Amino acid sequence: GEDVEQSLFLSVREGDSSVINCTYTDSSSTYLYWYKQEPGAGLQLLTYIFSNMDMKQDQRLTVLLNKKDKHLSLRIADTQTGDSAIYFCAESTNAGKSTFGDGTTLTVKP
Amino acid sequence: EPEVTQTPSHQVTQMGQEVILRCVPISNHLYFYWYRQILGQKVEFLVSFYNNEISEKSEIFDDQFSVERPDGSNFTLKIRSTKLEDSAMYFCASNGGQGVLSNTEAFFGQGTRLTVV
């Protein structure tokens, strides 16, 4: 079945760039998403990329997609303490349902 | 911007009671989903719904769960006899598309936190 994997923890200093990586197995993935979740809160869609794109930039966020390697990354430039949260990678196919990774806990140190 | 709305945001129920979680998907969407996130764990797919029937369900979605689209706007998840392990955040999602292909991005609601005591 589909599988999405992420590293569990990332720690960076305020002002540095953060790069969160994700790999997935389903070659028929149509959309790939990054969500942010703060403690006790819901899922905040940060950005998504369609599978025929290889890069998408939105202000401090850059998503890179390597479809051949089934690798997705999220780069956060100038990381702030408010960026501390859990970041989930997810993929969906034309069948519709989304498959999520385990989440990467990003800790930003002042 | 259109959004998926869920009510209530938090529900506390006694073990064995029935609960109904409500969702209003985006109005022109045709595909609806429920997901569950147990505290500290990943988001897990429960069920997808299209054309007034379940199109796919996971092994978590057993006989105590049911879904319904009772009118043109609501999409509900019913848990018949809640257990302690049903305590989780439940997310509703929807997306658009044509025919059998739900080929637009999915939008998630903010979730309902269910606490079973």
Side-chain angles (χ1 to χ4, degrees), chain A residues 1-9 20 22-26 28-53 56 58 61 63 65 72 85-107, chain B residues 1-7 9-10 23 25-26 29-51 54-61 88-113 115:
Chain A
E2 308 89 356
D3 194 21
V4 176
E5 295 201 355
Q6 306 174 235
S7 52
L8 292 182
F9 301 99
I20 304 172
C22 170
T23 57
Y24 59 99
T25 58
D26 193 339
S28 60
S29 294
T30 311
Y31 288 92
L32 295 125
Y33 306 84
W34 284 104
Y35 292 90
K36 177 183 178 183
Q37 187 176 42
E38 298 187 29
L43 295 169
Q44 177 192 352
L45 177 64
L46 287 177
T47 187
Y48 66 93
I49 190 168
F50 192 54
S51 59
N52 68 355
M53 298 167 65
K56 183 177 180 181
D58 183 1
L61 306 178
V63 178
L65 173 61
L72 182 75
I86 301 176
Y87 290 80
F88 288 96
C89 170
E91 61 87 23
S92 67
T93 67
N94 278 340
K97 77 174 191 188
S98 296
T99 301
F100 285 76
D102 287 325
T104 299
T105 299
L106 173 64
T107 303
Chain B
E1 188 172 313
E3 59 179 12
V4 176
T5 56
Q6 292 186 240
T7 54
S9 56
H10 190 186
C23 169
I26 292 171
H29 282 182
L30 301 176
Y31 302 84
F32 315 115
Y33 311 87
W34 282 102
Y35 294 80
R36 177 183 83 174
Q37 185 185 30
I38 294 171
L39 186 64
Q41 298 186 23
K42 73 160 119 183
V43 178
E44 302 171 288
F45 168 77
L46 290 179
V47 66
S48 58
F49 191 86
Y50 168 72
N51 200 24
I54 290 173
S55 47
E56 186 176 355
K57 59 183 181 179
S58 71
E59 58 189 24
I60 303 168
F61 193 88
M89 183 83 97
Y90 288 81
F91 293 104
C92 173
S94 70
N95 61 354
Q98 294 180 352
V100 297
L101 298 181
S102 55
N103 57 354
T104 66
E105 68 275 22
F107 291 81
F108 278 73
Q110 284 303 297
T112 293
R113 181 170 299 284
T115 304

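Proteins come first, then strands; the chains are lettered A, B, ... in the order of their sequence lines, and each starts at number 1. Treat the numbers as computed from the prediction; the structure is a model and nothing was measured. Only this structure's heavy atoms are used, side chains among them; waters, hydrogens and symmetry mates stay out.
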*Are A:Phe88 and B:Phe91 near enough that their ring centres are under 6.0 Å apart?*
no

So, the part of A:Ala41 with a heavy atom under 4.5 Å from chain B: the answer is backbone

By salt bridge (Lys or Arg N to Asp or Glu O under 4.0 Å), A:Glu38 pairs with (sequence neighbours left out) A:Lys36

Okay, B:Phe107 and chain A: the region with an atom under 4.5 Å from a heavy atom over there is neither

- prompt: With under 30° as parallel and over 60° as perpendicular, where do the rings of B:Tyr50 and B:Tyr31 fit, or are they tilted in between?
  reply: parallel

Cut-off 4.5 Å, heavy atoms of chain B, and the answer for A:Gln44 is neither

Cut-off 4.5 Å, heavy atoms of chain A, and the answer for B:Gln37 is side chain

Highest number of heavy-atom pairs under 4.5 Å with chain B among A:Pro39, A:Gly40, A:Gly103 belongs to A:Gly40

For this session: Kindly say whether the aromatic ring centers of A:Phe50 and A:Tyr31 come within a distance under 6.0 Å.
Result: yes

For A:Asp26, the salt bridge (Lys or Arg N to Asp or Glu O under 4.0 Å) test, sequence neighbours excluded, returns none

When the 4.5 angstrom heavy-atom criterion is applied to A:Ser98 and chain B, the contacting part is both

